[in-house]
Amino acid sequence: FWVDGRSGFVDLEGRFIVNPYLADARSFREDVARVKTTSWRWGLMDRMGEIVVEPEWGSLQDFSDGRARFEDDDAYGYIDATGTEIIPSVYDDARSFSGDRAAVRQGQRWFYIDANDSRVMCSTTFISAGDFGDGLAPVRTENLWEYIDESGARKIAPQFEEARTFVDGRAAVRIEGGWTFINRDGAQITSNTYDEVADFDGGLAAVVVDEKLGYIDRDGKEVWIPRD
């Protein structure tokens with residue numbers, strides 16, 4: 001919560017856990033929260049409100065699979081919950097870990113590493129690469145996006161103008177200018193008629209048509225028809 005431009009934490013009953021003295025704070029992930037103190041750099045706080053890792057990073061992502069991406073002088077690496085640098089900042093860009101894999105970039109090409117900073121999928125590189133979800137990840141080797149599995153094998157052929165991570169067995173993709181969702185076999189569950197979509201959450205996904213908001217279920221059925 002925020003009070004007079006400062007952030008703090010309350011419990012589910014609204015009781016103060018951390019008074020609002022923080023310059024910024026984000027939700028807890030894996031029992032720690034990213035926080036900025038007066039230094040305007042990111043550190044880590046535990047659920048008792050104690051700073052467990054002093055603010056050190058200008059950019060720090062939420063934890064995923066026990067690791068958080070940090071940025072240092074335009075280079076990216078990963079820390080653990082103690083603030084220990086477990087993967088050095090040697091990458092030009094990087095994404096969060098998902099399924100014990102993370103997409104990283106050196107130069108103009110993306111590839112995947114594992115939790116030990118070992119390169120996986122041998123020498124395979126990509127123009128763009130996304131996060132793994134449900135065992136698949138969106139990647140781009142030429143103009144269109146496709147999906148690969150954790151071994152690097154192609155599972156859904158290149159055909160998408162944009163492609164997002166699988167969530168709850170569904171992935172949002174854009175085809176011929178319109179958004180839809182596919183299942184893990186690559187089959188569309190709706191026609192590509194949406195101007196924008198959000199990922200599934202709790203079995204439903206928000207969809208937008210002509211600036212009107214609606215919701216669909218995992219079968220593509222509109223449970224709330226888009227309306228003003």
Side-chain angles (χ1 to χ4, degrees), residues 1-91 93-104 113-117 130-134 137 164-172 196-208 213 215 218 224:
F1 71 97
W2 290 84
V3 176
D4 295 330
R6 291 289 170 172
S7 184
F9 290 94
V10 296
D11 62 19
L12 294 177
E13 297 179 357
R15 294 175 298 194
F16 281 83
I17 301 299
V18 178
N19 290 323
Y21 78 96
L22 300 165
D24 201 351
R26 302 303 166 90
S27 299
F28 279 89
R29 296 289 186 275
E30 301 184 7
D31 290 326
V32 291
R34 294 182 294 141
V35 297
K36 283 184 179 180
T37 60
T38 54
S39 68
W40 291 95
R41 297 184 73 80
W42 291 101
L44 298 176
M45 175 179 284
D46 65 17
R47 291 186 179 274
M48 300 301 293
E50 298 293 330
I51 299 293
V52 292
V53 177
E54 291 296 324
E56 179 179 345
W57 298 277
S59 174
L60 183 66
Q61 283 191 335
D62 287 331
F63 274 84
S64 178
D65 288 355
R67 299 159 187 82
R69 189 200 75 173
F70 72 91
E71 179 267 331
D72 183 22
D73 292 333
D74 295 323
Y76 296 85
Y78 298 86
I79 63 169
D80 64 17
T82 69
T84 301
E85 186 177 305
I86 54 176
I87 296 178
S89 52
V90 297
Y91 298 109
D93 202 351
R95 300 182 62 86
S96 294
F97 269 86
S98 178
D100 288 326
R101 300 282 189 274
V104 295
I113 59 173
D114 64 18
N116 298 314
D117 197 21
D131 297 334
F132 274 93
D134 297 334
R164 298 180 188 166
T165 302
F166 270 89
V167 177
D168 197 20
R170 301 289 184 264
E196 185 54 86
V197 297
D199 291 334
F200 274 88
D201 185 8
L204 297 177
V207 296
V208 176
L213 175 67
Y215 288 87
R218 295 183 69 257
W224 182 12

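FYI, side chains are in, hydrogens and waters are out, and symmetry mates aren't considered; it's all heavy atoms of this structure. It should be emphasised that the depicted structure is a prediction, and the values quoted were computed from it without experimental measurement.
Every residue meeting the side-chain contact (heavy atoms from CB on, under 4.5 Å) condition with Ala198, not counting sequence neighbours, appears here in chain and number order: Ala206. With sequence neighbours left out, the side-chain contact (heavy atoms from CB on, under 4.5 Å) criterion links Ala94 to Arg69, Tyr76, Tyr78, Val104. For the side chain to side chain donor-acceptor pair (under 3.5 Å) test, residues two or more places apart in sequence or in another chain that qualify with Arg26 are Asp24. Every residue meeting the side chain to side chain donor-acceptor pair (under 3.5 Å) condition with Asp62, not counting sequence neighbours, appears here in chain and number order: Arg34. Applying the side chain to side chain donor-acceptor pair (under 3.5 Å) test to Asp65 and every residue at least two apart in sequence or in another chain returns nothing. Shown here are the side-chain contact (heavy atoms from CB on, under 4.5 Å) partners of Asn116, two or more places apart in sequence or in another chain: Asp114, Ser118. By the side-chain contact (heavy atoms from CB on, under 4.5 Å) test, Ala25 is found to be paired with Ser7, Phe9, Leu22, Val35, residues two or more places apart in sequence or in another chain being considered. With sequence neighbours excluded, no residue forms a side chain to side chain donor-acceptor pair (under 3.5 Å) with Arg67. In this structure, Arg29 has no salt bridge (Lys or Arg N to Asp or Glu O under 4.0 Å) partners at least two apart in sequence or on a different chain.
Atom-to-atom distance recorded for Phe63:CZ and Ile79:CD1 is 4.5 Å, nearest 0.5 angstrom. Of the inter-residue distances, the one linking Phe166 atom CZ with Asp131 atom CG reads 13.5 Å to the nearest 0.5 angstrom.
Contact check for Ile113 versus Ile87: side-chain heavy atoms found under the 4.5 Å cut-off.
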Side chains of residues 43-59: which donor-acceptor partners sit under 3.5 Å, not counting sequence neighbours?
unit_1	atom_1	unit_2	atom_2	d
Asp46	OD1	Met48	N	3.0
Asp46	OD1	Gly49	N	3.1
Asp46	OD1	Glu50	N	2.9
Arg47	NE	Asp31	OD1	3.0

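Side-chain atoms of Glu30 come within 3.5 Å of backbone N or O of Gly66 as a donor-acceptor pair. Side chain of Arg170 to main chain of Arg218: a donor-acceptor pair is present (N/O by atom type, distance under 3.5 Å, no hydrogens or angles). In this structure, the side chain of Asp11 engages the main chain of Glu13 through a donor-acceptor pair within 3.5 Å. Side chain of Ser64 to main chain of Phe97: a donor-acceptor pair is present (N/O by atom type, distance under 3.5 Å, no hydrogens or angles).
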**OP:** For side-chain contact (heavy atoms from CB on, under 4.5 Å), just list the numbers for Thr165 and Phe132, CA-CA rounded to whole Å, side-chain angles, deciding distance to a tenth of an Å, and then say yes or no.
**Re:** CA-CA 6 Å; Thr165 302; Phe132 274 93; over 6 Å; no

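The two atoms that bring Leu60 and Phe70 nearest to each other are CD1-CB, 3.8 Å, heavy atoms only. Asp117 and Pro88 make their closest contact through OD2-CD, 4.0 Å (heavy atoms, listed as atom of the first residue, atom of the second, distance). Shown here for Gln61 and Ala68, the closest heavy-atom pair between the two residues is O-CB, 3.4 Å.
Evaluation of the salt bridge (charged side-chain N to carboxylate O under 4.0 Å, His left out) test over residues 70-87, restricted to residues two or more places apart or in two chains, returns none. Among residues at least two apart or in separate chains, salt bridge (charged side-chain N to carboxylate O under 4.0 Å, His left out) pairs with a member in residues 196-208 are Arg164-Glu196.
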